[in-house]
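Owing to the predicted nature of the structure, the values given are computational and were not obtained by experimental measurement. Values below: every heavy atom of this structure, side chains too, minus hydrogens, waters and symmetry copies.
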Amino acid sequence: MLSNKRIQELELVMEFEKVEECFKEVSSWIENVGRKGLKETVNLDDSLEMLLQAQKQFKEFDLVASEYCKRGQEALKKMDRWEDFSSVDVHSYRVKLQTYRDQLEEFCTQLDETRHRICETVRLYEFFDKVRQGICCTEERVKS
């Protein structure tokens with residue numbers, strides 16, 4: 001039984017090394033591109049036109065970012081079996097795996113929150129634009 005467990009652990013280590021390339025690529029993109037893209041959406045412009053332009057740019061970024069999130073999640077799913085192993089030899093790999101998982105979850109959550117915030121801001125600006133147009137029309141009717 002110990003021999004079989006040790007063989008399974010070695011197989012997991014070999015599998016981890018294959019999947020780690022994907023983790024590294026996703027992690028590098030998040031750190032070098034993804035976080036910068038999210039920071040660019042922190043300050044949204046004050047006009048509906050500029051906000052719609054920012055939303056369009058974010059949608060392009062969101063497509064790429066979502067693909068990286070998906071790839072990272074698929075790679076993590078392949079490593080779900082690690083939860084069953086607790087030996088000292090596997091511990092350092094589990095730590096790396098948890099680091100990747102935390103980074104990916106944080107980024108994907110921030111991406112979702114940003115997507116929601118931009119959508120809600122656009123809806124709010126569109127509502128205020130309609131209200132402003134309604135007030136202008138009402139003022140013109142009152143004047144005539």
Applying side chain to side chain contact (heavy atoms under 4.5 Å, CB included), can you list everything that pairs with [X], at least two apart in sequence or on another chain?
X	result
Ile7	Ser3, Glu11
Lys24	Glu20, Glu21, Tyr100
Glu105	Arg101

**Prompt:** Within the side chain of Ser66, is there an N or O that forms a donor-acceptor pair under 3.5 Å with the backbone of Leu63?
**Reply:**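 Here the side-chain-to-backbone pair does not exist.
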Please tabulate, for side-chain N and O atoms in residues 53-61, each donor-acceptor pair with protein atoms closer than 3.5 Å (sequence neighbours left out).
none

State which residues pass side-chain hydrogen bond (donor to acceptor under 3.5 Å, both in side chains) with [X]; sequence neighbours excluded, sorted by chain then number.
X	answer
Ser28	Asn32
Asp102	Gln98
Glu49	none
Glu31	Arg35, Gln103

To the nearest 0.5 Å, how far apart are [atom1] in [X] and [atom2] in [Y]?
X	Y	atom1	atom2	result
Leu104	Leu111	CG	CG	10.5 Å
Thr41	Glu113	OG1	CD	11.0 Å
Glu15	Lys78	CD	NZ	8.0 Å
Leu48	Asp129	CG	CG	5.5 Å
Cys22	Met79	SG	CE	11.5 Å

**Asked** Going hydrophobic residue to hydrophobic residue with side-chain gaps under 4.5 angstrom, can you get from Leu12 over to Leu10?
**Response**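 Different clusters: Leu12 never reaches Leu10 through Ile, Leu, Val, Met, Phe, Trp or Tyr contacts under 4.5 Å.
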**Item:** ILVMFWY cluster, Met50 and Ile118 together (side-chain gap under 4.5 Å)
**Value:**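 Unlinked, Met50 and Ile118 end up in two clusters.
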**Message:** Please give the remaining members of the hydrophobic cluster of Phe128, linking ILVMFWY side chains under 4.5 Å, ordered by chain and number.
**Reply:**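 Reading the cluster by chain and number, Phe128 sits alongside Leu124, Phe127, Val131, Ile135.
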**All salt bridge (Lys or Arg N to Asp or Glu O under 4.0 Å) counterparts of Glu25, not counting sequence neighbours** =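 Testing Glu25 for salt bridge (Lys or Arg N to Asp or Glu O under 4.0 Å), a comparison that skips the adjacent residues, returns Arg71.
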**Request:** Determine which pairs satisfy ring-ring contact (aromatic ring centres under 6.0 Å, His included) with at least one residue from residues 101-124, sequence neighbours left out, and list them in order.
**Result:**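 Counting only pairs at least two positions apart or across chains, the ring-ring contact (aromatic ring centres under 6.0 Å, His included) contacts touching residues 101-124 are Trp29-Phe107.
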**Request:** Mind jotting down which residue pairs meet the salt bridge (charged side-chain N to carboxylate O under 4.0 Å, His left out) criterion with at least one end in residues 114-127? Sequence neighbours excluded, please.
**Result:**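 Residue pairs with at least one partner in residues 114-127: Asp62-Arg115, Asp112-Arg115, Glu120-Arg123.
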**Asked** Any side-chain heavy atom of Leu76 within less than 4.5 Å of one from Phe23?
**Response**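 Yes, their side chains come closer than 4.5 Å.
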